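Inspection log for the structure reproduced underneath, given as C-alpha cells.
Remember, it's 1-based here, ligands and their atoms both numbered in the order they're listed. What you see is a predicted model, and the numbers here were worked out from it, not measured in a lab.
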Amino acid sequence: MKTLTVSVVTPDGPVLEESYDMVSVRAESGELGILPGHIPLVAPLTISAVRLKKEGNTDLVAVSGGFLEVRPDKVTILAQAAERPSEVDTERAEEAKQRAEERLNQTKSEDIDFKRARLALDRAINRLDVAK
Ligand code: ATP
C-alpha cells in the first residue's frame, strides 16, 4: 500500500518526519482527510490536532495554526508551534489557559487583547486535548 511522507516543521526546527497511510487536519475551510495520491493543495490550518494514521494507530500533533501543503506523496505542515503529546508541558498549558480565561473576563470582545486571549486559550486547550 502507498504511503505519504509527513513532515511537520516549525521555526525551531522539524518536529516530525515519518510515513503514514492517512492524514486528517482541520483547515480553516473544514476537515480534510488526505490519502496518498491526493491532488496538490495548500490550505491554512486552524489551532487543532493533526491526526496521522499508520497500520491502525493514530499519532497526534498539536499545531498552532500554520499551513498545509499537499503533494501526491508528501504532506508538509508549517506551523508557528507544534508539539507531540509527550512534548506538551501540561502544567504550562494549564497556566496559559488560566491566564487567557482571566484576560477574557477582563477585556471586551472588540478589544485586540480579547482576540489574543481567545487564541491563547485555543492553543492551551488544544495542547491539553492532545496530551490527554
Ligand atoms: P505560553 O503562554 O505558555 O508561552 P503560548 O501558547 O503563548 O503559551 P506559543 O507562542 O504557541 O506559546 O509557543 C512558543 C513556544 O513554546 C513554541 O516552541 C511551543 O512549542 C512552546 N510551547 C508553548 N506551550 C507549550 C506547552 N504547554 N508545552 C510544550 N511546549 C510549549
Exercise. Side chains of Val50 and Leu52: does their closest heavy-atom pair fall under 4.5 Å?
Worked result: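 In contact.
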Pair up each side-chain donor or acceptor in residues 81-92 with any protein partner under 3.5 Å, not counting sequence neighbours, and list the distances.
| from | atom 1 | to | atom 2 | distance (Å) |
| --- | --- | --- | --- | --- |
| Glu83 | OE1 | Arg127 | NE | 2.8 |
| Glu83 | OE2 | Arg127 | NE | 3.3 |
| Glu83 | OE2 | Arg127 | NH2 | 3.2 |
| Arg84 | NH2 | Glu18 | OE2 | 3.3 |
| Glu87 | OE1 | Arg84 | N | 2.8 |
| Asp89 | OD1 | Glu91 | N | 3.2 |
| Asp89 | OD1 | Arg92 | N | 3.0 |

inquiry  = Test of understanding: with salt bridge (Lys or Arg N to Asp or Glu O under 4.0 Å), list the residues that count as partners of Arg118, not counting sequence neighbours.
reply    =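 Residues passing salt bridge (Lys or Arg N to Asp or Glu O under 4.0 Å) with Arg118: Asp122.
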Measure from every N or O atom of ligand 1 to the protein's N or O atoms and keep only the pairs below 3.5 Å, writing each with atom names and distance to 0.1 Å.
| from | atom 1 | to | atom 2 | distance (Å) |
| --- | --- | --- | --- | --- |
| ligand 1 | 2 (O) | Arg99 | NH2 | 2.7 |
| ligand 1 | 3 (O) | Arg92 | NE | 2.8 |
| ligand 1 | 4 (O) | Arg92 | NH2 | 2.8 |
| ligand 1 | 6 (O) | Arg123 | NE | 2.6 |
| ligand 1 | 6 (O) | Arg123 | NH2 | 3.4 |
| ligand 1 | 6 (O) | Arg127 | NH1 | 2.8 |
| ligand 1 | 7 (O) | Arg123 | NH2 | 3.2 |
| ligand 1 | 11 (O) | Arg123 | NE | 3.3 |
| ligand 1 | 11 (O) | Arg127 | NH2 | 2.9 |
| ligand 1 | 16 (O) | Arg92 | NH2 | 3.1 |
| ligand 1 | 18 (O) | Asp12 | OD2 | 3.0 |
| ligand 1 | 20 (O) | Glu83 | OE2 | 2.5 |
| ligand 1 | 24 (N) | Arg92 | NE | 3.3 |
| ligand 1 | 24 (N) | Arg127 | NH1 | 3.3 |
| ligand 1 | 27 (N) | Asp89 | O | 2.9 |
| ligand 1 | 28 (N) | Asp89 | N | 2.8 |

Ion pair Asp111/Lys108, N-O distance below 4.0 Å: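 The answer is no: the pair does not qualify as a salt bridge.
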Check whether any side-chain N or O of Ser7 sits under 3.5 Å from a backbone N or O of Thr76 as a donor-acceptor pair, and report yes or no.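 The answer is no, because no donor-acceptor pair under 3.5 Å joins these two groups.
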List the atom pairs, donor and acceptor, that lie under 3.5 Å between side-chain atoms in residues 29-44 and the rest of the protein, sequence neighbours left out.
none

